[in-house]
Structure formats: C-alpha cells, structure tokens
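For clarity, every value in this text was computed on a predicted model and none was experimentally measured.
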Amino acid sequence: MTGRVIYPARRAVEHAVTVSGVRPARLFAVLWPLWQVEITADVQDEQAYEVIDRFLTRAVAEGGIDSAAELSRFFGLHRSLVDRCLAFLTVIGHITADGERIRLTELGMRSMRADVRYVAKESRQKLLIERFTGRPLPRRHYDGSIAVLTTPEVGEDQVVDRTRFRPLFAPMAFQPRMITDLASRPDRTEYNLPRRLQAIRDLKPQDAYLPAYIIETADRSLLAYTAVSGERDTFLEGVCRDVPDIHARIEAERRVDPRQLWTAWLAESGLGHGVLQELPHGVWRAVLGKAAFSGPPKLPLSRLGSFQLRDNHFLQLWCEDRELRQRAVQERSLRMSRQREVRTQADLTDRMTMLAWQLEVAAPTIASLRPYAEKNGMHNELAHLDALD
C-alpha cells in the first residue's frame, strides 16, 4: 500500500501535549517492522439455489431418496436432466456418490438447512504481524488511510513535513504458527481474519513497515502514534511496554539541551526576535512577533500553535496576538475538514474545540467558518465543509 501520505509528526505532537499528566519530551519517527502475510483460504460463497437443485437436495435429505433413478421417477423428470443436476451438485461438494447410491455431504446439509447454496471458493487475504512479538495487528490498522510500506524507502510525496523515518530492527524469524494461532483465536475477526475463511494455507510472508512515532515522556514512558483514529496507537504502546529493547534504543539516543537547540534554531530561522519559554508541562514554546506569520518567507498562519521539529525535539510556535490566534484556529479548522477521518460536523467540532484550547482562544462554530472561508478564497475547504454529514 505504498504511495499513501503518511500521518504527519506534528499531529502526533499536538495530541500528545493534550494527554493529562504527560510531559512529552522527544519524538522519534520510525518504520515499525511487520510481516505482511498473504494467505490462501477456502471461503463459502452464498448463492441462490436453482429450483431443481433445491428440490433434489430436499428429496435426498428429507425423503430418503438415494439414487438418480428414484429421483427421476419421483419428480417425473428426464434421467439426463437429473444426472446433470447431480453432477453439478457433486462438483460443488454438496453430494457424494458410492456407486448408484448418493448422499448429501455436510456442506450440502448446511446449505439445505439455510436454503442457501454454499459454494467453496479459494480466497486470498493479507494479514499484518508485528515482528518484535509475533502478534497480529488489530483490524483498525487495515484502514485505507494508513500507509503500510513494503520497503523501508519513504517517497518524498508521502511526507508533508520532511520527516525522516528510521527502520527498527527486530531479530525474530517468521513462524507459521503465528497464523495458525491466530486462526484458532475466538476473536480472530478483530485481527482481520474473518470466520468464513477456512483451511488456511500457502503462507507467503514479506517484509513490511508501518510509519510510526514514538514520543518519550519526562518519566521515560513511551507513547506511540500512527494514523489509527488520529490518536494514540495503544497496540504499539503495549509492544513498547513488553519489549525492553525498544526502551533501550530510545535511551541510547543522544540527548541535547532544548534551550541551546532552539536558541540556535531561532538564530538561523530568519523569523525575527523570539522568546523561548518552557511551559509547565515541559513543552518548549517560541513566542514570535505577529510579522513572523505574515507570509513568505515567514511562516504560514496555519503553523501558529503547531510545532517545529528538530533533532527529535519539538517547539510550539506562538504569538501573543489573540486575534491572530483566533484566525489561525479558523484557518486550521477549515483545513481539518479535508482530513479523511473527519466525516461529520461533530468530528470537526471535536477537533476545533481541542485546537482552540491549545491556542487559548474561543472555539469557532461550523457557521462561523463559512464567512472566513469565503473572505479568504478557501473554496475547496468550503466544499468539504458543506459535504460533512
């Protein structure tokens, strides 16, 4: 599934800073190692019975008729027609013959009881297995908005913020039991393996990579983010807790003094005078003048309240001008309406409320976004806004 735009790092940070009691400190963009396993399985296709097939099946099951000759006499049908129908029912596995005697198979009996002609077909399915633990990924990781890569190469068109991803290495080898164990689980449907798939075989594993962000907190705990629901990836966080090697790799990364890091960045940025602040929850903020958000080569208004990333650290970009922050919330809210996971006005309202809280202004309403969009020529965003349920 290469080619999809990867969930941006800034959105992960924006969520992490809202988590109660958490002091996010550093972010690491990684390619989480997976196996993408293609399986072959049998699936029972549901078809409508042909009229004659239904009556022949019921006669064998309920009437005890066990030969083609008796079926022909009972229904007054030509023997050749009965033979053709029985041959078809044999091919699809509903009838088996022992000489002249015929009987229904288990599949034929189930079909007759359900009044649905089940036909066994071959189906292929792809499953995702996490490589540190061998656990299957939950079904929510198969959402079409999530980029799963088949190589560790990330295309430039897949990242919107120039994030550099580094592959993690997991030494575990693939074992077929990972799939057979999954197939025997009562909750297998929660891991993208439907019950209707049976006789699983022909396992074909290949390397795969899930772009993810690990955020280290001040107390050395780890948060994990992917595009799953736009929030924390609790599955990967569970792997982080269970695999000490992941913590060790994060701990081994070089640490820098945030004040020195961001002082140097401000000097290089060309954004004019800025004041660094460390907020109570440990996040660093650069308070910039209003002119810093006035257009090229300055920062676009959509960056106000968002984060700058550098050397695994992040810095909130800020301005004391309340009116400017209010405009930033309106503009960013309109851009949010284009996000795939924003399907309803309620979805957008929830995100606007959180964004306004982060920028310390009043939350806009859906109605108030329209005049702002019309005034600023945001016609595409306005169309998305009108399309929300």
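Counting heavy atoms from C-beta outward, Y7 and T226 have side chains that stay 4.5 Å or more apart. Side chains of R335 and R332 form no contact here, defined as non-hydrogen atoms less than 4.5 Å apart. V60 has its side chain out of reach of M112: every pair of non-hydrogen atoms, C-beta onward, lies at least 4.5 Å apart. Side chains of D386 and R370 form a contact here, defined as non-hydrogen atoms less than 4.5 Å apart. The side-chain heavy atoms of E251 and R220, taken from C-beta on, include a pair separated by under 4.5 Å. No side-chain heavy atom of I214 sits under 4.5 Å from any side-chain heavy atom of L236.
Residues passing the ring-ring contact (aromatic ring centres under 6.0 Å, His included) test with F174 are W35, sequence neighbours excluded. Scored by the side chain to side chain donor-acceptor pair (under 3.5 Å) test, T163 finds D161 as partners (sequence neighbours excluded). With sequence neighbours excluded, no residue satisfies side chain to side chain donor-acceptor pair (under 3.5 Å) with E70.
Hydrophobic clustering of Ile, Leu, Val, Met, Phe, Trp and Tyr side chains at less than 4.5 Å, counting indirect connections, unites V51 with F75. Under the 4.5 Å side-chain heavy-atom criterion for ILVMFWY residues, a single connected hydrophobic cluster contains both M172 and V30. Residues I200 and L107 are members of separate hydrophobic clusters, defined by side-chain heavy-atom contacts under 4.5 angstrom among Ile, Leu, Val, Met, Phe, Trp and Tyr. The hydrophobic clustering, which links ILVMFWY residues whose side-chain heavy atoms are closer than 4.5 Å, places V43 and Y118 apart.
Atom-to-atom distance recorded for Q125:CD and L193:CG is 6.5 Å, nearest 0.5 angstrom. With rounding to the nearest 0.5 Å, the separation of CZ in F235 from CH2 in W32 is 9.0 Å. Put simply, CZ on R23 and NE2 on H281 are 9.0 Å apart, with the number rounded to the nearest 0.5 Å. One distance of note links CZ of R303 with SG of C319; it measures 14.5 Å at 0.5 Å rounding. Here CZ of R325 is found 6.5 Å from CD of E320. Values are rounded to the nearest 0.5 Å.
Paired with Y372 under the rule side-chain hydrogen bond (donor to acceptor under 3.5 Å, both in side chains), one option of Q330, Q326, E331 passes, and it is E331.
R195 places a side-chain N or O within donor-acceptor distance of the main-chain N or O of P186, the cut-off being under 3.5 Å. Judged by distance alone, with hydrogens and angles left aside, the side-chain atoms of R201 form a donor-acceptor pair with the main-chain N or O of A199 at under 3.5 Å. A donor-acceptor pair is defined here as one N or O able to donate and one able to accept, closer than 3.5 Å; no such pair exists between the side chain of R131 and the backbone of P171. R10 places a side-chain N or O within donor-acceptor distance of the main-chain N or O of F307, the cut-off being under 3.5 Å. The main-chain N or O of T189 is found under 3.5 Å from a side-chain atom of R139 such that the two form a donor-acceptor pair. Side chain of H384 to main chain of L334: no donor-acceptor pair is present (N/O by atom type, distance under 3.5 Å, no hydrogens or angles). When atom types are taken as modelled, the side chain of R54 and the backbone of A48 share no donor-acceptor pair closer than 3.5 angstrom.
For the residue pair S80 and D83, no side-chain donor N or O sits within less than 3.5 Å of a side-chain acceptor on the partner. Between H141 and D233, the side chains place a donor N or O and an acceptor N or O closer than 3.5 Å (distance only, hydrogens not considered).
A salt bridge is absent between D202 and R124; no separation between the charged side-chain nitrogens and carboxylate oxygens falls under 4.0 Å. In summary, E237 and R232 engage in a salt bridge, as defined by a charged side-chain N under 4.0 Å from a carboxylate O. Using a 4.0 Å cut-off between charged side-chain N and carboxylate O, E50 and R84 make no salt bridge. Taking a cutoff of 4.0 Å between a charged side-chain nitrogen and a carboxylate oxygen, E106 and R110 qualify as a salt bridge. Between R185 and D181 there is no salt bridge, since no side-chain N of the basic residue sits under 4.0 Å from a carboxylate O of the acidic one.
Separation of the F165 and Y213 ring centroids falls under the 6.0 Å cut-off.
More than 12 heavy atoms of other shown residues, nucleotides or ligands fall within 6.0 angstrom of atom CD in E62. The environment of F55 atom CZ is sparse: at most 12 non-hydrogen atoms of other residues, nucleotides or ligands sit within 6.0 angstrom. A 6.0 Å sphere centred on CZ of R58 holds no more than 12 heavy atoms belonging to other residues, nucleotides or ligands. In the displayed structure, R196 atom CZ is contacted under 6.0 Å by at most 12 heavy atoms of other residues, nucleotides or ligands. Within 6.0 Å of CZ on R310 lie more than 12 heavy atoms contributed by other residues, nucleotides or ligands. The environment of D98 atom CG is sparse: at most 12 non-hydrogen atoms of other residues, nucleotides or ligands sit within 6.0 angstrom.
Smallest separation of non-hydrogen atoms from L288 and G274: CD2-CA, 4.0 Å.
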